[in-house]
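We count ligands from 1, going down the list as the structure has it; atoms in each ligand are counted the same way.
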Amino acid sequence: MGGLFGVASKADCVSDLFYGTDYHSHLGTRRGGLAVKNSDGYVRFIHNIENAQFRSKFETDIQRMSGPLGIGVISDYEDQPLLIRSKLGDFAIVTVGVIKNAVELANQLFLQESFHFAEMSDGEVNATELVAALISRQPTFEDGIRSAQEAIQGSCTMLLLTQRGIYAARDRLGRTPVILGKKDGAMAATLETCAFPNLEYSIEHHLGPGEVVFFDADGYEQRTPPGDRMQICGFLWVYYGYPASSYEGINVEAVRYRCGAILARRDDANVDLVAGIPDSGTGHGLGYAAESGIAFQRPFVKYTPTWPRSFMPQDQRIRDMVAKMKLIPVRELIEGKRLLFCEDSIVRGTQLQDTIQRLFEAGAREVHMRPACPPLVYGCKFLNFSRSKSELDLASRKGIRELEGDDPGDVSRFADPDSSAYRDMVQAIATRLKLTSLKFQRLDDLVEAIGLPKERLCTYCWDGVE
Ligand code: SF4
């Protein structure tokens with residue numbers, strides 16, 4: 001996935017840039033980057049954040065940064081921000097999203113012009129560099145952003161730091177949000193609105209899908225109006241968005257609470273306590289507990305002092321180890337108890353399998369699981385939040401494989417919660433995870449909990465509808 005933050009200020013912007021970018025740390029594990037523009041030019045730092053927090057990596061660098069304009073990024077893949085010298089002038093760029101046709105676009109550039117890219121170590125073109133190249137070929141930044149957005153399959157939200165101000169461009173179908181905030185003497189753009197309150201920005205404008213604005217410390221101008229069609233990622237509210245953030249004016253924690261309440265309304269489980277798998281299952285669990293009248297407790301406590309991040313390293317083995325180390329079971333709340341857990345989602349289920357086993361080892365009598373979204377039947381094509389995961393690794397696909405072998409054909413019947421195929425798949429997942437019971441949220445209920453019309457949401461990973 002990844003996150004971005006940009007700020008234009010009448011004073012020095014570095015402190016706001018540093019903390020504003022840091023508030024996106026839950027969205028990526030690989031690279032962090034900051035760039036500022038001042039009268040001497042651009043200053044930029046990029047660090048590997050796989051084994052250390054963003055703040056600790058940049059604390060020294062920011063002493064050497066100053067200027068009124070800056071952009072920052074948490075990147076789950078490529079090095080960013082990039083500094084570009086072009087016929088449009090010098091600029092810095094950060095992007096969030098995934099470009100599915102990156103190879104084709106790069107090949108077109110090779111054929112049309114004698115073009116070259118600085119390759120990444122694993123041989124792929126840096127996607128942000130590709131976007132910069134597409135933009136720089138056009139007569140203006142606005143034309144460049146528009147042409148890049150038209151050419152890109154996937155999604156690409158970006159910030160461009162230019163000589164005079166910052167362009168903020170939301171991806172064509174608005175799968176990721178961009179929000180402008182304002183305070184006295186400064187304006188900022190963010191993906192996560194949780195970056196605003198403590199930096200004293202108030203929300204000024206939610207960019208629409210494909211909308212492009214240009215802002216400086218005095219205000220913003222719309223350069224490209226929003227498109228009609230929006231497909232904002234529904235998974236933002238369920239799983240990877242931060243609870244204190246709002247997208248389209250809808251708060252994440254409030255949606256999670258409603259998700260849990262709706263799960264409880266459809267449920268008849270007879271249990272001793274309700275819990276959430278920390279962190280993102282907590283809001284869902286609280287909503288479930290309030291609606292059902294069953295006490296919310298914490299049979300697992302997360303060790304936050306040294307394991308604060310929700311996203312984990314790309315290496316599955318290390319990720320599993322970290323997942324285990326950060327969750328500490330509380331035996332007194334587990335032994336002999338019938339436990340119901342709300343979980344944001346079941347992606348592959350490997351960590352959850354281990355968690356469930358630990359609950360039974362600690363003496364749990366029953367473990368019931370209530371994911372707050374439907375089974376993930378399709379891999380995400382539009383954001384890279386699960387870049388390293390093959391669709392076939394999804395827990396649902398493993399269940400389907402058990403039922404129908406390697407070639408199940410069209411799997412859409414498994415996304416219909418009223419079909420027997422769906423029921424069999426859910427049972428296969430429950431059996432594999434050794435759960436006492438498993439009930440997923442229905443998609444229509446999830447859409448109700450979010451509160452946007454279904455056609456304004458991306459729900460592809462659940463129902464395959466594009
Ligand atoms: S496919 Fe799923 S994760 Fe990807 S953008 Fe759509 S809702 Fe979000």
message = Counting only heavy atoms not in F414 (residues, nucleotides, ligands), do more than 12 fall under 6.0 Å from its CZ?
response = yes
ask   = If you measure from atom 1 (S) of ligand 1 to every heavy atom of C461, G464, S345, which option wins on shortest distance?
value = C461
query = Can you tell me if C458 has an N, O or S atom under 2.8 Å away from atom 6 (Fe) of ligand 1?
reply = yes
ask   = What is the ring orientation for Y378 with Y460, classed by angle as parallel under 30°, tilted 30 to 60°, or perpendicular over 60°?
value = tilted
query = Quick one: do D143 and R146 make a salt bridge, cutoff under 4.0 Å?
reply = yes
Numbered atoms and elements of ligand 1 in range of [X], under 4.0 angstrom, heavy atoms:
X    : answer
Y460 : 1 (S)
C380 : 1 (S), 3 (S), 4 (Fe), 5 (S)
C233 : 3 (S), 5 (S), 7 (S), 8 (Fe)
G234 : 7 (S)

key: Heavy-atom check, side chain of Y77 versus side chain of V98, under 4.5 Å   = no
query = Is there a side-chain contact (heavy atoms from CB on, under 4.5 Å) between W237 and L452 once you walk through the steps?
reply = CA-CA 12 Å; W237 283 279; L452 284 174; 3.9 Å; yes
